[in-house]
Q: 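Quick one: the structure is below, and I'll ask about it shortly.
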Amino acid sequence: MPDKKNEKNYPSNFIRTIIENDLASGKCKKVVTRFPPEPNGYLHIGHAKSICLNFGLARDYGGVCHLRFDDTNPTKEDVEYVESIMEDVHWLGFDWQDKLFYASDYFDQLYEYAEMLIKDGKAYVCDLSQEEIRATRGTLTVPGTESPYRNRSVEENLDLFRRMKAGEFEEGSRCLRAKIDMASPNVNMRDPVIYRIRKAEHHRTGNKWVIYPMYDYTHCISDAIEGITHSLCTLEFEDHRPLYDWFLDQLPVPCHPQQIEFARLNLSYTVMSKRKLLELVQSGTVRGWDDPRMPTLAGMRRRGFTPEAIRDFVDRIGVAKADSLVDFELLQFCVREDLNKKANRVMAVLHPLKVTIENYPEDQVEEFEAINNPEDESAGIRMVPFCKYLYIEQDDFSENPPKGWHRLSPGAEVRLKHAYYITCKEVIKDESGNVTELICTYDPSSRGGWTPDARKVKGTIHWVSARHSFDAEIRLYENLFTIPNINDIEEGKDYRDYLNPNSIKVLKNCKLEPSLKEVTIGEKFQFLRQGYFSVDYDSTADNLVFNLIVTLKDSWTKQLKKMGYV
RNA sequence: UGGGAUGUCGUCUAAUGGUAGGACAGCGGACUCUGGAUCCGUAUGUGAGGGUUCAACUCCUUCCAUCCCAGCCA
């Protein structure tokens with residue numbers, strides 16, 4: 001029975017149904033899944049779906065999940081990616097224990113099996129060039145034609161294949177093909193290539209091999225060797241399943257895993273294709289795989305998204321076979337929900353406006369008690385200093401406020417969070433008419449945020465003491481792209497045409513309350529009334545850098561939009 | 001126009017012949033020292049047409065739409 005004690009109870013899905021039936025019927029005794037990334041790029045949120053699925057199933061049904069690198073193409077793979085993938089899987093909260101494998105671990109076995117296929121007359125060495133193979137494969141509607149090398153003798157095939165392995169032939173001059181059916185309506189079955197010559201160094205096997213097995217051949221056999229019961233992959237492999245099954249049916253493998261396909265994750269306003277992500281990195285459009293705007297796990301981690309939020313998100317989106325595009329809003333919701341419970345509240349002014357309290361003594365300093373997290377009493381309190389000179393947010397003052405304005409405006413009174421009520425007496429502007437400073441008065445009886453007369457003050461705004469605050473850099477992020485579905489773009493346009501020019505905005509000289517001087521990389525805060533922020537690792541002792549993780553819900557801006565102000 | 005798949009609120013996802021439900025987004029309200037959080041309320045959906053059945057998202061049938069496949073990539 002599934003053990004979901006510590007998980008929220010989300011709806012079941014068709015894969016769970018299959019597994020429960022297999023367990024009930026005795027078709028399998030213990031669930032064994034695997035997460036099989038190719039180490040040719042960084043993991044993204046789409047991989048997180050697969051990771052949570054595979055490891056989650058193993059956890060819930062008392063099975064195990066292997067981590068297996070699908071490293072059959074030495075020209076594209078690298079240890080850098082292997083390392084990042086392991087880091088990301090761990091960070092997400094999953095552990096493969098001693099079940100770490102590489103498809104390259106099976107190269108010897110795979111080779112043996114290939115010889116068996118040859119001996120059984122089910123594979124042959126083909127001398128056609130890549131172009132010729134393509135030309136003879138036929139089209140989607142026209143059958144292919146058989147290779148002139150298709151009926152070589154077993155002896156000749158064996159000899160040639162062994163010489164391929166020995167490095168006697170040039171890359172591309174020959175390959176090993178399965179002998180299936182050139183007229184199959186499924187092009188994957190038209191004598192697929194199963195070994196090619198690649199004189200490239202492999203990140204694990206070095207120069208031991210000059211022939212490398214193809215994915216279709218490798219994956220099913222690797223699954224079988226590891227005793228995988230349910231081999232989950234994305235929809236585009238559905239057409240490959242007959243081939244997956246074909247190899248396993250021909251060979252004396254220990255078991256025959258079941259391949260099950262599900263729809264990959266698409267997220268609005270971003271891209272999930274490894275090719276595009278790689279291009280964004282290599283073109284310098286973003287600052288690297290871990291740029292906080294990237295949908296990579298490294299990027300999201302740096303941005304400040306938590307593994308808990310990502311796991312919750314994956315649980316909420318479910319698993320099915322229909323193509324889908326999930327609202328980015330849902331991910332943001334999950335992040336807010338998690339951080340609301342965890343992040344301490346602090347005050348930071350992103351766009352400072354100077355405020356002078358004219359009736360406050362020049363040299364006086366007070367400290368106010370501030371609750372760190374109203375959602376978590378154990379987070380405790382801190383002291384926040386106050387003086388005659390303050391900064392507030394430019395957006396919190398309006399000379400001609402719209403209807404429903406709760407914040408500061410000429411003559412209006414607001415509460416400074418945790419401190420005093422202040423009233424705006426005078427607006428100071430520069431020559432071009434920009435507001436540069438406000439002269440206010442405070443009500444000494446409102447100390448701590450209350451008055452004896454209990455009069456209502458609609459607005460509460462955040463602030464910092466000009467004398468005690470310090471400057472920091474804050475990086476604001478928006479969606480990487482301007483349209484929700486990057487796979488659905490105008491004719492003749494490229495996805496790069498839809499890059500959001502405002503995806504990053506760097507703010508210098510933001511004013512932070514002094515308690516923020518002591519922070520650690522990756523630490524997360526709620527900047528009161530603004531959003532959640534995470535300390536970036538670009539931070540130095542004299543220049544702290546914060547990343548916007550996600551803004552707070554903002555019903556005021558929403559209202560302004562409805563009123564037509566924005 | 002070959003083969004494989006998929007169509008349920010705006011979005012994602014349940015319901016496997018028996019009251020179409022949940023979440024996010026939306027809308028309305030309450031409350032609030034964050035216009036945050038929280039709470040309450042509310043609208044919107046079975047791609048279309050036939051058929052079987054007391055009863056159809058579910059079974060049959062015809063159609064329509066969308067996605068994937070012609071790498072010696074995975």
Side-chain angles (χ1 to χ4, degrees), chain A residues 10-13 17 36-38 40 70-73 75-77 126 128-130 133-135 137-144 171-177 184-190 192-198 211-212 214-216 218-219 233-242 261 263 265 268 274-275 313 316-327 329-334 336-337 340-341 345 347 371 374-375 404-407 415-419 421 448-450 457-462 484 487 526-531 551-560:
Chain A
Y10 290 110
S12 187
N13 59 58
T17 304
E38 184 191 13
N40 68 343
D70 225 328
D71 55 351
T72 58
N73 187 352
T75 62
K76 291 190 174 176
E77 296 150 9
C126 183
L128 256 25
S129 69
Q130 197 166 330
I133 287 182
R134 180 162 48 234
R137 187 154 26 225
T139 69
L140 295 179
T141 51
V142 178
E171 283 190 14
S173 63
R174 281 178 232 264
C175 62
L176 186 70
R177 292 226 257 168
S184 171
N186 180 347
V187 290
N188 294 122
M189 301 299 273
R190 319 238 261 231
V193 173
I194 58 181
Y195 264 94
R196 73 299 211 179
I197 301 171
R198 282 280 178 284
I211 56 173
Y212 291 93
M214 300 286 289
Y215 164 83
D216 285 304
T218 308
H219 203 90
C233 62
T234 43
L235 250 28
E236 67 270 25
F237 292 102
E238 210 146 22
D239 287 341
H240 295 242
R241 195 171 66 229
E261 309 84 12
L265 169 65
S268 61
K274 273 197 194 178
R275 195 202 94 226
F313 169 73
R316 283 171 185 269
I317 60 175
V319 181
K321 294 195 69 161
D323 291 311
S324 62
L325 179 66
V326 177
D327 261 337
E329 290 263 21
L330 180 60
L331 216 204
Q332 296 192 320
F333 167 84
C334 296
R336 286 192 189 106
E337 188 177 62
N340 178 47
K341 293 176 298 194
R345 276 62 168 167
M347 293 196 285
I371 295 170
E375 307 292 322
W405 183 257
H406 293 175
R407 283 114 93 147
R415 174 189 291 114
L416 295 178
K417 179 81 178 174
H418 306 304
Y421 293 0
W450 300 101
V457 175
K458 273 272 179 80
T460 301
I461 65 174
H462 61 277
N487 294 314
Q526 184 195 107
F527 288 180
L528 222 58
R529 302 205 305 132
Q530 307 194 90
T551 60
L552 252 27
K553 279 207 291 189
D554 184 0
S555 54
W556 170 242
T557 301
K558 200 184 288 178
Q559 193 178 326
L560 284 179

Q: Write down the distance between CG (A:N188) and C1' (B:rC72), rounded to a whole number of angstrom.
A: 14 Å
Q: Go through B:rG4, B:rG71, B:rA25 for me and flag the one nearest to the A:E329 side chain.
A: B:rA25
Q: Considering only the C1' atoms, how many Å lie between B:rA14 and B:rC24, rounded to the nearest integer?
A: 15 Å
Q: Is there ring stacking between A:Y215 and B:rA74, where the centres must be under 5.5 angstrom apart and the planes under 30 degrees?
A: no
Q: Looking at A:K553 and A:E329, is there a salt bridge between them, counting it only when a charged N and a carboxylate O are closer than 4.0 Å?
A: no
Q: Can you tell me the pairing partner of B:rA23 across any strand shown, Watson-Crick or G-U wobble, with both distances under 3.5 angstrom?
A: B:rU11
Q: Output one letter per nucleotide in nucleotides 11-21 of chain B: B when a protein non-hydrogen atom lies under 4.0 Å from the base, S when only the sugar-phosphate is that close, - when neither is.
A: SSSS-------
Q: Which heavy atom of A:R336 sits nearest to which heavy atom of A:L552, and what is that distance?
A: NE-C, 3.9 Å
Q: What is the distance, to the nearest angstrom, from the NZ atom on A:K458 to the P atom on B:rG35?
A: 12 Å
Q: Taking only Lys NZ, Arg NE, NH1 and NH2, and the carboxylate oxygens of Asp or Glu, determine whether A:E238 and A:K321 approach each other closer than 4.0 Å.
A: yes
Q: Any base atoms under 4.0 Å from A:I211, or only sugar-phosphate, or nothing? Heavy atoms, all strands.
A: nothing
Q: For the base of B:rA74 and the side-chain ring of A:H219, does the geometry meet a stacking cutoff of under 5.5 Å between centres and under 30° between planes?
A: no
